[in-house]
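Just below is one structure, and these are the notes that go with it.
For the single chain, residues carry numbers from 1 onward in sequence order. Hydrogens, waters and symmetry mates are skipped; everything else that's a heavy atom, side chains included, is used.
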Amino acid sequence: MSIFTRTPKPAAAADEVSSRRPKKNRPARSSKKVRTERAERAVAGGQSEPWAFFDAGRRLAIGSALGMYDPAPIGALSTTRQMEVSNLAVPWAPTNHRGLIVGIDEDSGQIIIHDPFVSYPELVNDPNVCIIGDVGSSKSSLLKTWGTLRPLLMGRDVLVVDKKPQGSDATEGEYASLSRLMGREPITFRIGTGGTCLNVLDDEVAPYLDIDPLSADATRLEEKEDANAPRPENQNRLVRVMIETIMDRTLTPREGKALRTAHRRARLDATAAGKVPTLRMLMARLIDPHPEDAAQVHEGVDAIRAWGLDMAFEIERMVSDDLAGLFDGETSQSVRLGAGLTVFDISQLPESGPAIPLVMMVVNTWLANHLFAQRAAGRKTHFIIEEAWHVVVGMVATVIRRNLKVSRGIGLGNWFAFHHVSDIPKNSAAETILKECSTVAVYMQKRTQDALSAVEFFDLAPGSEATIKHLNRGECLFKIGKHPAINLKHTRSDLEVALTDTDTAMLVHSAREERESNGLAA
């Protein structure tokens, strides 16, 4: 046996042979004769060879520490990967390495990397994202960076419905400057003149289905795929939902028939004139039905007119007053989908009334149908709705929910930003929309009830409401699929900080007040 071999010390003689006790408790050193006798007894008992016991009469504690008495072991070459197991304090990374950087896990210091498209279907069931947070919690910064800028670097398309005004003059939304930086003017909607128009009777917005069984030349849109496969909303359904929204009720069967008949006749009139049908043409045919349409249902023209007059008057009010300039003409040339960032600026539309939800509904339907037709290209698209509480109004949520059903098949990720879970009506289509979002970020909720509602709605760990109430700006509970929520600190580069500034109006106002308080000119 090598003289450098150690063997366990006998239990009975452990106190006698130990040489590393504190000095004040160390027994008196034994003589050479005593040590020899002990070694001989050990050998006789078959324990080991006498030189295996390192009681070599140590004189200096520092000498023992420096290895003057014991032979130093020879080190072995290794790598940091092999030695990771020796550091038990290193936590496991909360996410994998595939996707977009979101921020830092505040518990472990690890980088959080996640992308709903990349994570599907292993971690998430869909590419949809929901963000909840009080005003000033920095949820918009997450949307602008992780939802917009970083995906653009990957060659994806991003469409934003921009609701919040930016700047002290409030003449445009906060994404306008970002859109111009990317080389495109925002598409702005305004009541009256000077804005953008979306024609809901345009086949580019939604395809028309002529399925009236009483029509002699009725045709049905042929499906190359399974007839039961989900599709985005068609033009027929879109027009009906718009009218039900502005009338704030469901149409009667007679009104539904009058609308379908007038819709089809308006399209025939437009084709004969070489034009694109519009809502004004539809209104005209509700007021003045065609005799052939009345004969098909064995009713007089006056009866068909009576069925549609209420709808005609509501459409007249819509195109001349409440929604003037938004849907009453042909689609503006500026409304074209292109690669990169497209911003729909609705910041100038009134908070009350149907304008905002209807624009959101039409834009969402148009995008879904466009991507459905181009789905073979396989291009990924982010559709971001700021201030998404407008989508929970009436039938709008039903349309958007239907369009969500095809999001996975067309590569469309829907992003919704809300203030509180209480903004969502119970047992509504909007509630179903948010429950279909597999990625959730819950920012600060100051009120206890709002925090509790978020914990219950998104199935967070019990007791998370205390964390949610005390989150700082830029911090959130980040939940991916069914995995436990992560304490996320969103991080931004210096460029992203400048591009995502949403405090311009506040800062300009504060600077002006400070100058005035110091007696300086404003």
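Partners of Asp310 according to the salt bridge (charged side-chain N to carboxylate O under 4.0 Å, His left out) rule, which considers only residues two or more places apart in sequence or in another chain, do not exist here. By the side chain to side chain contact (heavy atoms under 4.5 Å, CB included) test, His419 pairs with Val135, Lys139, Glu387, Asp423, sequence neighbours left out. With sequence neighbours excluded, the residues that form a salt bridge (charged side-chain N to carboxylate O under 4.0 Å, His left out) with Asp328 are Arg280. Here Gln235 pairs with Asp203, His263, Arg267 under the side chain to side chain donor-acceptor pair (under 3.5 Å) rule; sequence neighbours left out. By the salt bridge (charged side-chain N to carboxylate O under 4.0 Å, His left out) test, Glu386 pairs with no residue at all, sequence neighbours left out. Every residue was checked against the side chain to side chain donor-acceptor pair (under 3.5 Å) condition with Ser407, not counting sequence neighbours, and none meets it. Partners of Arg379 according to the salt bridge (charged side-chain N to carboxylate O under 4.0 Å, His left out) rule, which considers only residues two or more places apart in sequence or in another chain, are Asp157. With sequence neighbours excluded, no residue forms a side chain to side chain donor-acceptor pair (under 3.5 Å) with Glu106. The side chain to side chain donor-acceptor pair (under 3.5 Å) search around Glu436 returns Lys405, not counting sequence neighbours.
Listed for the Glu314 side chain is no donor-acceptor partner under 3.5 Å among the backbone atoms of Met311. Distance alone, capped at 3.5 Å, is enough to place a donor-acceptor pair between the Asn236 side chain and the Leu209 backbone. At least one donor-acceptor pair closer than 3.5 Å links the side chain of Glu244 to the backbone N or O of Leu251. Side chain of Ser108 to main chain of Gln110: a donor-acceptor pair is present (N/O by atom type, distance under 3.5 Å, no hydrogens or angles). A donor-acceptor pair under 3.5 Å links the side-chain atoms of Thr148 to the main chain of Leu143, judged by distance alone. One N or O on the side chain of Thr95 and one on the backbone of Ile113 form a donor-acceptor pair closer than 3.5 Å. A donor-acceptor pair is defined here as one N or O able to donate and one able to accept, closer than 3.5 Å; such a pair exists between the side chain of Asp162 and the backbone of Tyr175. The backbone N or O of Leu460 lies less than 3.5 Å from no partner atom in the side chain of Ser464, so there is not a single donor-acceptor pair. The backbone N or O of Ile101 lies less than 3.5 Å from a partner atom in the side chain of Arg150, making a donor-acceptor pair. Between the side chain of Ser493 and the backbone N or O of Glu496 there is at least one donor-acceptor pair closer than 3.5 Å.
The local environment of CG in Asp248 is sparse, with at most 12 non-hydrogen atoms from other residues, nucleotides or ligands closer than 6.0 Å. Within 6.0 Å of atom CD in Glu204, 12 or fewer heavy atoms from other residues, nucleotides or ligands are found, so the atom counts as exposed in its surroundings. Annotation for Lys489: atom NZ counts as buried by contact number, over 12 foreign heavy atoms lying within 6.0 Å. Other residues, nucleotides and ligands contribute at most 12 non-hydrogen atoms within 6.0 Å of the CD1 atom of Ile111.
Annotation: side chain of Ser453 is in contact with side chain of Gln449 (closest heavy-atom distance under 4.5 Å). Proximity of His490 to Cys476: side-chain heavy atoms (C-beta onward) are nowhere separated by under 4.5 Å. In this structure the side chain of Leu142 reaches within 4.5 angstrom of the side chain of Tyr443, judged on heavy atoms. Looking at Tyr208 and Asn234, their side chains never come closer than 4.5 Å, going by heavy atoms from C-beta outward. Contact check for Cys437 versus Phe416: side-chain heavy atoms found under the 4.5 Å cut-off. Val276 has its side chain out of reach of Leu201: every pair of non-hydrogen atoms, C-beta onward, lies at least 4.5 Å apart. Side-chain atoms of Phe344 and Val160, non-hydrogen and from C-beta on, never get closer than 4.5 Å to each other. Looking at heavy atoms from C-beta onward, Val421 lies out of side-chain contact with Asp450 at the 4.5 angstrom threshold.
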side-chain contact (heavy atoms from CB on, under 4.5 Å) assessment of Phe189 paired with Leu326: CA-CA 7 Å; Phe189 293 91; Leu326 298 181; 4.0 Å; yes
Verify side-chain contact (heavy atoms from CB on, under 4.5 Å) between Met182 and Leu149, making sure each step is shown before the conclusion. CA-CA 10 Å; Met182 298 299 168; Leu149 290 173; 3.4 Å; yes
Would you sort out whether Leu341 and Val343 count as a side-chain contact (heavy atoms from CB on, under 4.5 Å), showing the intermediate values? CA-CA 7 Å; Leu341 177 63; Val343 174; 3.9 Å; yes
Run the side-chain contact (heavy atoms from CB on, under 4.5 Å) test on Met318 and Asp322 for me, step by step, so that the C-alpha distance in whole Å, both residues' side-chain angles and the decisive distance to 0.1 Å come before the verdict. CA-CA 5 Å; Met318 179 176 70; Asp322 293 357; 5.7 Å; no
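The CD1 atom of Ile424 sits 8.0 Å away from the OG atom of Ser422 when rounded to the nearest 0.5 Å. Annotation: the span from Leu477 atom CG to Ile132 atom CD1 amounts to 12.5 Å, rounded to 0.5 Å. To the nearest 0.5 angstrom, Leu286 atom CG is 14.0 Å from Met281 atom CE. Annotation: the span from Leu358 atom CG to Ile246 atom CD1 amounts to 7.5 Å, rounded to 0.5 Å.
When only modelled atom types and interatomic distance are considered, Gln445 and His420 share a side-chain donor-acceptor pair under 3.5 Å. With hydrogens and angles left out, the side-chain atoms of Arg473 and Ser138 include a donor and acceptor closer than 3.5 Å. If you check the side chains of Ser137 and Asp134, you find no donor sitting under 3.5 Å from an acceptor. Between the side chains of Ser438 and Asp126, at least one donor N or O sits under 3.5 Å from an acceptor N or O. Side chains of Ser347 and Lys164: no donor on one and acceptor on the other come within 3.5 Å.
Electrostatic pairing of Arg180 and Glu185 counts as a salt bridge here, judged by a charged N lying under 4.0 Å from a carboxylate O. A salt bridge is absent between Arg98 and Glu122; no separation between the charged side-chain nitrogens and carboxylate oxygens falls under 4.0 Å.
Leu159 pairs in a side-chain contact (heavy atoms from CB on, under 4.5 Å) with only one of the listed residues (Thr381, Asn364, Leu412, Ile384), which is Thr381. Residue Met242 is tested with Ile315, Val362, Val399 for a side-chain contact (heavy atoms from CB on, under 4.5 Å); the sole match is Val362.
Ring planes of Phe117 and His382: tilted class, angle from 30 to 60°.
The shortest heavy-atom contact between Val118 and Arg156 is CG2-NH2, 4.1 Å.
Residue pairs meeting the salt bridge (Lys or Arg N to Asp or Glu O under 4.0 Å) criterion with at least one member in residues 451-469, sequence neighbours excluded, do not occur. Identified under the salt bridge (Lys or Arg N to Asp or Glu O under 4.0 Å) test for residues 190-200, with sequence neighbours left out: none. Sequence neighbours left out, the pairs with a member in residues 449-484 that pass ring-ring contact (aromatic ring centres under 6.0 Å, His included) are His114-Phe478, Trp146-Phe478.
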